[in-house]
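Each chain gets a letter, A, B and so on, in the order its sequence line appears, and its residues count up from 1.
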Amino acid sequence: MSEHTDLIEAELASEYEAGFVTDIESESLPPGLDEDTVRAISARKKEPQWLLDWRLEAFAAWKTMEEPEWAHVDYQKVDFQALSYYSAPKSQADGPKSLDEVDPELIRTYEKLGIPLHEQKMLAGVVAVDVVFDSVSIHTTFKDTLAKAGVIFSSISEAVQDHPEIIKKYLGSVVPARDNFYACLNSAVFSDGSFVFIPKGVTCPMELSTYFRINAMNTGQFERTLIIAEEGASVSYLEGCTAPMRDENQLHAAVVELVALDDAKIKYSTVQNWYPGDAEGKGGVYNFVTKRGICKGDNSHISWTQVETGSAVTWKYPSVILRGDNSVGEFYSVALTRGRQQADTGTKMIHLGKNTKSTIIAKGISAANSENVYRGLVRIAPTAEGARNYTQCDSLLIGDTCGAHTFPYIENKHNSSVIEHEATTSKVSDEQLFLCQQRGIDTEKAVSMIVNGFCKDVFKELPMEFAVEAGKLLEISLEGSVG
Amino acid sequence: MLKVENLCAGIEEKTILQGLNITVNPGEVHAIMGPNGAGKSTLSYVLGGRPGYEVSSGSAELDGVDLLDMEPEDRAKEGVFLAFQYPVEVPGVSNMEFLKAAVESVYAARGWDVPSTVDFMKLAREACAQVQLPLDFLKRGVNEGFSGGERKRNEILQMMMLKPKLCLLDETDSGLDIDALQVVAEGVNSMRSPDRAFVVVTHYQRLLDYIVPDFVHVLADGKIVKSGGAELALELEEKGYGWIEGAA
């Protein structure tokens with residue numbers, strides 16, 4: 001064991017060596033944001049000059065931009081100078097020493113979700129030596145399997161070192177640095193994130209998940225993810241995990257880029273359950289994320305599935321640019337808000353290629369005093385002959401103090417296109433509840449059954465075990481939402 | 001089994017039941033008939049515990065247990081079953097999932113063994129066959145896209161699975177064609193037993209040709225104005241409710 005401890009200490013020490021932080025005790029950059037911050041992050045990661053230049057350019061652009069106001073959300077603006085823009089993985093000394101020190105409420109939730117003790121420890125940030133070494137071995141076995149298939153799955157920082165040509169080619173190719181305020185900020189200061197590359201003709205032999213990549217768990221508020229599926233490749237990627245992330249960062253401004261070449265397929269699933277703040281709306285994470293995929297090649301396919309129950313404020317529109325002919329874009333979403341949560345989420349489907357097809361199924365559930373918005377754009381370009389879109393937006397209200405709003409935008413520039421839009425708003429009716437209760441089903445169970453039934457179209461798109469967890473997550477999130 | 005005394009109840013300030021009395025013993029089938037607006041459905045809802053209905057006075061006991069203070073789910077666990085006049089849809093929740101949750105909750109409360117999934121499936125299949133619903137129906141959402149007849153048969157299916165003590169049937173015959181009516185009635189008749197009681201609320205005598213009651217009560221203006229045997233229903237059919245109301 002002492003040998004293991006030595007290894008960890010050596011690892012941590014080496015990080016300080018490479019460091020640019022003066023204070024040995026602290027592993028974070030001091031708060032504040034200027035050009036030097038960007039340089040420091042880049043230097044810390046030993047990045048090549050071109051990447052530093054790219055960051056600096058983004059930073060210069062960001063300074064000229066203004067925070068967007070159009071979303072249907074209301075929050076205290078972020079003081080960007082008050083944030084720290086880099087935080088290295090926490091050392092053992094910082095985190096809780098054992099599960100006894102972790103908030104019992106959190107443990108209770110993990111238990112309800114059926115998360116094994118071992119994983120609970122990792123999620124709670126209990127960096128015990130055995131866990132570290134177990135994780136390392138998990139990490140290694142599965143890296144071997146992937147390597148045999150030719151799949152690259154690493155942190156984006158590693159990829160910058162190991163595969164600079166791929167990063168240089170694709171980084172910012174789907175979400176340009178200047179795309180929007182938060183994406184631009186992310187481009188300047190992104191700390192880490194995931195990188196996936198599936199070579200031509202390869203079907204990734206396993207579901208990939210950030211969950212296994214322990215070293216990326218504390219990557220902080222500006223994550224950057226890049227997934228590339230070459231011709232005929234396919235991959236399913238799971239982001240986040242169903243347990244509530246114990247995250248102290250107030251602002252999350254991540255960028256995710258997906259690139260699908262000819263006949264490639266990318267399925268990206270998210271279950272997000274960050275701290276939503278308390279019932280009065282104090283605290284909670286601001287989740288301002290830019291997620292976009294491009295169906296670059298013909299017959300390519302990108303599918304976004306998201307189950308969002310966390311964050312105080314969400315601003316997020318996973319989108320697909322359908323450039324290749326016959327390409328397919330899909331968006332399946334469940335967004336649940338309660339307390340004083342605000343979610344403005346939806347998608348954009350940009351049809352450029354011929355016979356492109358998109359499907360949008362969005363389910364919003366609002367409870368208590370929350371506000372839930374679907375905002376979606378379907379654009380059919382003049383080049384998109386024979387494009388089709390089907391959109392279905394359903395809102396479910398629990399109680400009468402919450403809000404549900406739908407803002408669909410449709411821009412059609414080709415007369416051969418077929419666009420269908422259906423929207424419904426319903427309440428968990430007293431009749432439905434009474435039917436369940438009269439059959440002996442307790443109120444909370446009944447509400448959760450009704451809500452899960454409402455979400456079924458989306459849950460069936462999630463990988464099997466994720467779907468089960470997403471269902472449980474909704475159940476937990478709904479606890480106490482019906483008086 | 002069921003003892004209702006001087007029950008006064010209504011909805012939104014409006015008193016509908018005005019001092020209703022009825023006693024139902026185990027093994028009996030009571031039919032409650034009456035003109036529209038007499039309070040027939042209100043009686044079923046008040047006994048079932050539907051939110052929104054207020055009881056101002058009186059009592060209702062099931063085997064000596066006060067029902068009126070209980071949550072609807074707890075009444076169900078005591079063995080009260082209400083077959084709805086208009087069963088609602090619960091989209092996306094399969095009949096199977098719904099039935100299983102109900103069976104597990106009620107059986108546990110009544111101290112019966114909760115069936116294993118295999119046994120549960122067996123029970124569900126048998127019940128389906130009895131009410132003549134195809135098996136794939138178990139996979140469909142609760143009442144989702146069902147015809148009126150299918151909904152009513154589904155109610156009887158649930159009743160069979162839950163094996164209640166007291167079955168309240170609220171206008172179960174409304175909207176049924178004659179074939180469905182027979183299926184529903186056969187379902188009910190198959191469940192008649194010395195330790196179970198039925199209160200069948202209906203507007204028409206027709207249902208009572210198939211479910212022959214031991215007692216018939218006429219409900220008018222919120223109370224029972226006349227009681228009799230099965231022959232009373234026939235008399236009502238012939239003379240209309242005006243006859244009773246005139247007499248009352």
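- Distance check, rounded to the nearest 0.5 Å: CG of A/L435 to OH of B/Y86 gives 16.0 Å.
- More than 12 heavy atoms of other residues, nucleotides or ligands sit less than 6.0 Å from atom CG of B/D66.
- Salt bridge annotation for B/E155-A/R439: present, with a cationic side-chain nitrogen under 4.0 angstrom from a carboxylate oxygen.
- Closest approach of A/G440 and B/A76 over heavy atoms only: N-CB, 3.4 Å.
- Residue A/K267 places its NZ atom among more than 12 non-hydrogen atoms of other residues, nucleotides or ligands, all under 6.0 Å distant.
- Residue contact with chain A, scored on non-hydrogen atoms closer than 4.5 Å, involves the backbone and the side chain of B/V80 alike.
- Between atom CD of residue B/E73 and atom CG of residue A/L433 there is a gap of 9.5 Å, rounded to the nearest 0.5 Å.
- Atom CZ of B/R110 has more than 12 neighbouring heavy atoms from other residues, nucleotides or ligands inside a 6.0 Å radius.
- A 6.0 Å sphere centred on NZ of B/K77 holds more than 12 heavy atoms belonging to other residues, nucleotides or ligands.
- Proximity to chain B (any heavy atom under 4.5 Å) is shown, for A/N452, by neither the backbone nor the side chain.
- Taking the side chain as every heavy atom from C-beta outward, B/F84 and A/E431 never approach each other to under 4.5 Å.
- Side-chain contact check for B/V106 versus A/I441: every heavy-atom pair is 4.5 Å or farther apart.
- Crowding of B/K3 atom NZ: a count of heavy atoms from other residues, nucleotides or ligands under 6.0 Å not exceeding 12.
- Taking the side chain as every heavy atom from C-beta outward, A/F454 and B/P91 never approach each other to under 4.5 Å.
- A distance of 10.5 Å separates CD of B/E89 from OG of A/S429, quoted to the nearest 0.5 Å.
- Within the 4.5 Å cutoff, the side chain of B/N143 has no heavy atoms near those of the A/Q432 side chain.
- Residue A/C436 touches chain B through both its backbone and its side chain, counting heavy-atom pairs closer than 4.5 Å.
- Shown here for A/F434 and B/P51, the closest heavy-atom pair between the two residues is CD1-CD, 3.8 Å.
- For a residue to count as touching a neighbouring chain, one of its non-hydrogen atoms must lie under 4.5 Å from one of that chain's; by this rule B/R75 does not touch chain A.
- A/Q438 places a side-chain N or O within 3.5 Å of a backbone atom of B/L82 that can act as its donor or acceptor partner.
- Residue B/A108: no heavy atom, backbone or side chain, is found under 4.5 Å from chain A.
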What verdict does the side-chain contact (heavy atoms from CB on, under 4.5 Å) test give for B/S105 and A/K445, after you've listed the backbone C-alpha separation in whole Å, the side-chain angles of each residue and the deciding distance to 0.1 Å? CA-CA 11 Å; B/S105 173; A/K445 169 81 178 161; over 6 Å; no

